[in-house]
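Notes follow once the structure below has been shown.
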Amino acid sequence: QVQLVESGGGLVQAGGSLRLSCAASGRTFSSYAMGWFRQAPGKEREFVGGISRSGSSTYYEDSVKGRFTISRDNAKNTVDLQMNSLKPEDTAVYYCAARLAAMNSVNIYSEAYDNWGQGTQVIVSS
């Protein structure tokens with residue numbers, strides 16, 4: 001098991017940027033594939049992007065491609081989500097998630113992840 005704590009959320013104007021960070025406990029962080037998900041009010045949780053154990057592979061939901069970037073530092077047990085050109089529709093609670101991965105791949109399904117952070121709120125004003 002790994003414990004996850006997100007930070008970096010807040011209020012930003014449309015077109016602005018935010019950087020979310022997720023800190024993980026434990027000594028086996030590099031064994032976990034990581035994902036970012038978000039949930040807007042009244043909507044289901046959705047996949048935003050993910051990164052493989054080594055960081056060599058990333059995958060993004062179509063609406064954030066070219067605007068969001070995921071990176072990880074296995075030495076520091078952190079994974080970041082850089083969000084640029086933010087839009088009001090990006091407003092949501094953002095969650096970091098981890099799954100113990102046998103392969104160096106990315107999984108887009110929330111059911112595959114068994115470790116979740118508490119979430120951090122992102123509000124994008126128009």
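Side chains included, hydrogens not; waters and symmetry mates left out as well; all remaining heavy atoms used.
The minimum heavy-atom distance between Phe68 and Val48, with the atom names listed, is CD2-CG1, 3.7 Å. In this structure, Val79 and Trp36 approach most closely via the heavy-atom pair O-CZ2, 3.6 Å. Contact detail for Tyr32 and Ala98: the closest heavy-atom pair is CD2-CB, 3.8 Å. The minimum heavy-atom distance between Ser105 and Ala33, with the atom names listed, is O-CB, 3.7 Å. The shortest heavy-atom contact between Val124 and Thr91 is N-OG1, 2.9 Å. Here the closest heavy-atom approach between residue Ser126 and residue Ala14 is recorded as CA-CB, 4.3 Å.
Taking the side chain as every heavy atom from C-beta outward, Arg38 and Val122 never approach each other to under 4.5 Å. Put simply, the side chain of Ile70 reaches to within 4.5 Å of the side chain of Tyr60, judged on heavy atoms.
Salt bridge status for Asp90 with Lys87: absent, with no side-chain N to carboxylate O gap under 4.0 Å.
Checking side-chain atoms of Arg67 against main-chain N and O of Ser85 turns up a donor-acceptor pair under 3.5 Å. The backbone N or O of Val2 lies less than 3.5 Å from a partner atom in the side chain of Asn115, making a donor-acceptor pair. In this structure, Gln118 contributes its side chain and Val5 its backbone to no donor-acceptor pair below 3.5 Å. Here the side chain of Asp80 pairs no donor or acceptor atom with the backbone of Asp73 at under 3.5 angstrom.
By the criterion of side-chain heavy atoms lying less than 4.5 angstrom apart, applied directly or through intervening Ile, Leu, Val, Met, Phe, Trp or Tyr residues, Leu100 is grouped together with Ile51 in one hydrophobic cluster. The hydrophobic cluster containing Val12 also contains Leu20, counting ILVMFWY residues as joined when their side-chain heavy atoms lie under 4.5 angstrom apart, directly or transitively. Linking ILVMFWY residues whenever their side-chain heavy atoms come closer than 4.5 Å, directly or via other members, leaves Leu81 and Trp116 in distinct clusters.
In summary, the side chains of Tyr113 and Arg99 do not present any donor paired with an acceptor at a separation below 3.5 Å, with no hydrogens or angles considered. Looking only at atom types and distance, the side chain of Asn84 has a donor-acceptor partner in the side chain of Gln82 under 3.5 Å away.
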*Arg53 and Ser30: CA distance, side-chain angles, deciding distance, side-chain contact (heavy atoms from CB on, under 4.5 Å) verdict*: CA-CA 5 Å; Arg53 296 181 311 177; Ser30 60; 5.8 Å; no
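Note on ring orientation: taking the six-membered ring where Trp is involved, the planes of Phe37 and Phe47 are perpendicular (angle over 60°, cut-offs 30° and 60°).
Taking a 6.0 Å sphere around NZ of Lys76, one finds it holds 12 or fewer heavy atoms contributed by other residues, nucleotides or ligands.
Checked against side chain to side chain contact (heavy atoms under 4.5 Å, CB included), Ser52 has the following partners two or more places apart in sequence or in another chain: Ser54, Ser56, Ser57, Asn104, Val106. Every side chain to side chain contact (heavy atoms under 4.5 Å, CB included) that Val93 has, sequence neighbours left out, goes to Tyr95, Gln121.
Applying the disulfide (SG to SG under 2.5 Å) definition to pairs two or more places apart or across chains, those involving residues 72-105 are Cys22-Cys96.
Here the CD1 atom belonging to Ile108 is positioned 9.5 Å from the CD atom belonging to Glu61, to the nearest 0.5 angstrom.
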